[in-house]
Amino acid sequence: MKILITGGAGFIGSHVVRLFVNTYPNYEIVNLDKLTYAGNLANLKDLETKPNYRFVKGDIVDAGFINTLFETEQFNAVIHLAAESHVDRSITNPLEFVMTNVIGTVNLLNAARTLHKNNPEQFKRFYHVSTDEVYGALGDEGMFVETTAYDPHSPYSASKASSDHFVRAYHDTYKLPCVISNCSNNYGPNHFPEKLIPLCIHNIQNSKPLPIYGKGENVRDWLFVIDHARAIDVIFHNAKEGSTYNIGGHNEWKNIDVIRLLCRMMDKKLNRPEGTNEKLITFVTDRAGHDLRYAIDATKLKEDLGWVPSVTFEEGLNLTVDWYLNNKEWLQNVTSGDYQHYYEQQYTHR
Ligand code: NAD
Ligand code: TYD
């Protein structure tokens, strides 16, 4: 089986690539990534010498390039993760999100459709990795299930919702063998320090302010990234064509509580007196259109395919903090270049 994984140099993609390369030595894994600011080949250093792994640099928005790649490589399946993924960047530059997340996805669907049309036995699966943010925001009660109506609010979630609709349309119209999963917020190693948890780990290390939007009351349902990769493996191999699965850890936290836990954990790890890091918490202007609460009901995944998370939040966060403390060079590299410039802009536009 030759599988194309898109966005494999990013946060979640790198864990999916590693899991597939190491678990299935008989599969050929081709990782296609544009290497945007979020893509980093250092995330995959340990795989460079593996005979069943290959990296291809390229842009999914370039239809000509994608069509030629599919024609040459004759993939048996696609796992599609490449995307622009940060809500705040989507507020500043929505068009980039339309290009990569919508046009890029449709380019891949078209190329896959051609392979499938020419040889339906050969092309087995188009797996689209998506987010729970397509469902919009919850109030204090309830959870997202697979049948919850789409109601995206940010340009990021609108672009992901659109891409999900295209995937379903290609399944219904052309019988392309698609599956979709919608996952809650991930955390773990290789996470770019623009998202809440890695940003705050980075800032705590450097004794910089921890920017909390609004009052910190927004709720997210956090899942350790390796558990997401395990779920993708199970769904890729077992889900019925045309099906959708929600993935989540039953692990809801208010932002302020996540950051307080992180502060306490890092006081200990950095040998700072208790309460030192909490003093860095700084409440800043809220994000425009900030979704109040996300919560995933992953019962279908558990009942159909037996997946459950493998670590608790405290265990996963502990592993994550240790990873960042042991990989200072990684953090140093990704925060050089235009990273500082981006942050200055962030705080002036909000
Ligand atoms: P990320 O931003 O860390 O990585 C995205 C990767 O895609 C990067 O390696 C980047 O270089 C690549 N990429 C971007 N534009 C590209 C293009 N035009 N052509 C080729 N490659 C391109 O994102 P992530 O957090 O790893 O998310 C991966 C996928 O999972 C996304 O589709 C995202 O919507 C989805 N998702 C993320 C989360 C989360 O919490 N991070 C939760 C649920 C779903
Ligand atoms: P983020 O990690 O950007 O993920 P998403 O917006 O996709 O859920 O943000 C997680 C939560 O943390 C969200 O409610 C916004 C909030 N947040 C902050 O309070 N401060 C920050 O600096 C960032 C990046 C996010």
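For this chain, numbers begin at 1 and follow the sequence in order. Just follow the structure's listing: the first ligand is 1, and inside any ligand the first atom is 1.
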### Query
Taking it one step at a time, do F236 and I3 satisfy side-chain contact (heavy atoms from CB on, under 4.5 Å)?
CA-CA 11 Å; F236 177 80; I3 307 175; 3.8 Å; yes

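- Remark: minimum distance from atom 4 (O) of ligand 1 to any protein heavy atom is reached at G10 CA, 3.5 Å.
- Remark: the backbone N or O of V30 is not paired with any side-chain donor or acceptor of R54 at under 3.5 angstrom.
- Looking only at heavy atoms of the protein, atom 21 (N) of ligand 1 is closest to K34 N, 3.1 Å.
- By the 4.5 Å heavy-atom criterion applied to side chains, Y27 and F20 are counted as neighbours.
- With hydrogens left out, the protein atom closest to atom 44 (C) of ligand 1 is S130 O, 3.1 Å, a heavy atom.
- Taking 4.5 Å as the limit, every side-chain heavy atom of N43 sits out of range of all side-chain heavy atoms of F11.
- Taking atom 36 (N) of ligand 1 as the reference point, the nearest protein heavy-atom neighbour is I12 CD1, 3.9 Å.
- Interface of P211 with ligand 2, defined as ligand atoms under 4.0 Å from a residue heavy atom, comprises 18 (C), 19 (O), 20 (N), 21 (C), 22 (O).
- Numbered from 1 in the order shown, with element, the atoms of ligand 1 that lie under 4.0 Å from a heavy atom of S184 read 42 (C), 43 (C).
- Against a heavy-atom cut-off of under 4.0 Å, G58 is close to the following atoms of ligand 1: 19 (N), 20 (C).
- The protein heavy-atom contact nearest to atom 18 (N) of ligand 1 is D59 OD1, 2.8 Å.
- Remark: ligand 1 atoms within the under-4.0 Å shell around heavy atoms of T36 are 10 (C), 11 (O), 14 (C), 15 (N).
- At a heavy-atom cutoff of 4.0 Å, ligand 2 is contacted by the side chain of V87 but not by its backbone.
- Remark: ligand 2 atoms within the under-4.0 Å shell around heavy atoms of I212 are 19 (O).
- Taking every heavy atom of H290 and a limit of under 4.0 angstrom, the matching atoms of ligand 2 come to 13 (C), 14 (O), 15 (C).
- One side chain, N31 or Y53, offers a donor N or O that lies under 3.5 Å from an acceptor on the other.
- When heavy-atom distances to ligand 1 are checked against a 4.0 Å cut-off, T100 comes that close only through its side chain, counted from C-beta outward.
- Residue-level proximity to ligand 2 for T131 is absent, since no heavy atom of it falls below 4.0 angstrom.
- Remark: ligand 2 atoms within the under-4.0 Å shell around heavy atoms of N218 are 14 (O).
- Comparing Y156, W253, Y213 by heavy-atom distance to atom 25 (C) of ligand 2, the nearest is Y213.
- Side chain of T282 to main chain of L280: a donor-acceptor pair is present (N/O by atom type, distance under 3.5 Å, no hydrogens or angles).
- Looking at heavy atoms from C-beta onward, Q205 lies out of side-chain contact with K269 at the 4.5 angstrom threshold.
- In this structure the side chain of H191 never reaches within 4.5 angstrom of the side chain of T320, judged on heavy atoms.
- Of the possible donor and acceptor atoms, one in the side chain of N107 sits under 3.5 Å from a partner among the backbone N and O of I60.
- For atom 40 (O) of ligand 1, the closest non-hydrogen atom on the protein side is N186 N, 2.9 Å.
- Atoms of ligand 2 found under 4.0 Å from any heavy atom of E194, numbered from 1 in the order shown, are 24 (C).
- Note on V98: it clusters hydrophobically with I66, by side-chain heavy-atom contacts below 4.5 Å among ILVMFWY residues.
- With a heavy-atom cut-off of 4.0 Å, V284 does not touch ligand 2 at all.
- The closest donor-acceptor contact from the side chain of D304 to the backbone of A239 lies at 3.5 Å or more, if one exists at all.
- For atom 9 (O) of ligand 1, the nearest protein heavy atom (residue, atom name, distance) is D33 OD2, 2.5 Å.
- Within the 4.5 Å cutoff, side-chain heavy atoms of L196 are placed close to those of I259.
- Counting heavy atoms closer than 4.0 Å to ligand 2, residue E133 contributes side-chain atoms (C-beta onward) but none from N, CA, C or O.
- Counting atoms of ligand 1 from 1 in the listed order, those under 4.0 Å from a heavy atom of L35 are 11 (O).
- Within ligand 1, counting atoms from 1 as listed, the ones closer than 4.0 Å to a heavy atom of N185 are 40 (O).
- With a 4.5 Å cut-off on side-chain heavy atoms, I235 and I247 count as touching.
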### Message
Please evaluate residues T335 and H202 with respect to the criterion side-chain contact (heavy atoms from CB on, under 4.5 Å), reporting the C-alpha separation (whole Å), side-chain torsions for both, the decisive distance (0.1 Å), and the verdict.
### Response
CA-CA 9 Å; T335 55; H202 173 63; 3.7 Å; yes

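- Residue-ligand proximity, H86 to ligand 2, at heavy-atom distances under 4.0 Å covers atoms 3 (O).
- The heavy atom nearest to atom 14 (C) of ligand 1, considering only G13, A83, S163, is found in A83.
- Side-chain contact between I201 and W323 is absent, with no heavy-atom pair separated by less than 4.5 Å.
- In terms of protein heavy-atom proximity, atom 28 (C) of ligand 1 is closest to L81 O, 3.4 Å.
- Sorted by first and then second residue, the side chain to side chain donor-acceptor pair (under 3.5 Å) pairs with a member in residues 218-236 read Y24-D233, N186-H228, N218-H290, D227-R230, D227-S310, D233-H237; sequence neighbours excluded.
- Taking distance alone, with nitrogen or oxygen atoms compared against 3.5 Å, S85 approaches ligand 1 more closely than that limit.
- Nearest heavy atoms, P189 versus H15: O-NE2, 2.9 Å.
- Applying the 4.0 Å criterion to heavy atoms of K160 picks out, from ligand 1, the atoms 31 (C), 32 (O), 33 (C), 34 (O).
- Annotation: side chain of R272 is not in contact with side chain of M266 (no heavy-atom distance under 4.5 Å).
- Residue N101 does not touch ligand 1, judged by heavy-atom distances below 4.0 Å.
- If you number the atoms of ligand 2 from 1 as listed, the ones under 4.0 Å from a heavy atom of L199 come out as 22 (O).
- You'll find the ring centres of F70 and F75 inside the 6.0 Å limit.
- Residue Y156 places a heavy atom under 4.0 Å from ligand 1.
- With ligand atoms numbered from 1 in the order given, ligand 2 contributes 11 (C), 12 (O), 13 (C), 14 (O), 16 (C) to contacts under 4.0 Å with heavy atoms of N255.
- Set against the non-hydrogen atoms of C183, the atoms of ligand 1 under 4.0 Å away are 42 (C), 43 (C).
- Of the N or O atoms in R220, one or more lie within a sub-3.5 Å distance of an N or O in ligand 2.
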Could you give the side-chain donor-acceptor pairs of residues 143-150 under 3.5 Å, partners two or more places apart or in another chain?
residue	atom	partner	partner atom	Å
E146	OE2	N246	N	2.8
T148	OG1	V145	N	2.9
T148	OG1	V145	O	3.0
Y150	OH	D164	OD2	2.7
Y150	OH	R168	NH1	3.1
Y150	OH	R168	NH2	3.4

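- Ligand-side atoms of ligand 1 in range of G39: 8 (C), 9 (O), 11 (O), range being under 4.0 angstrom from any heavy atom.
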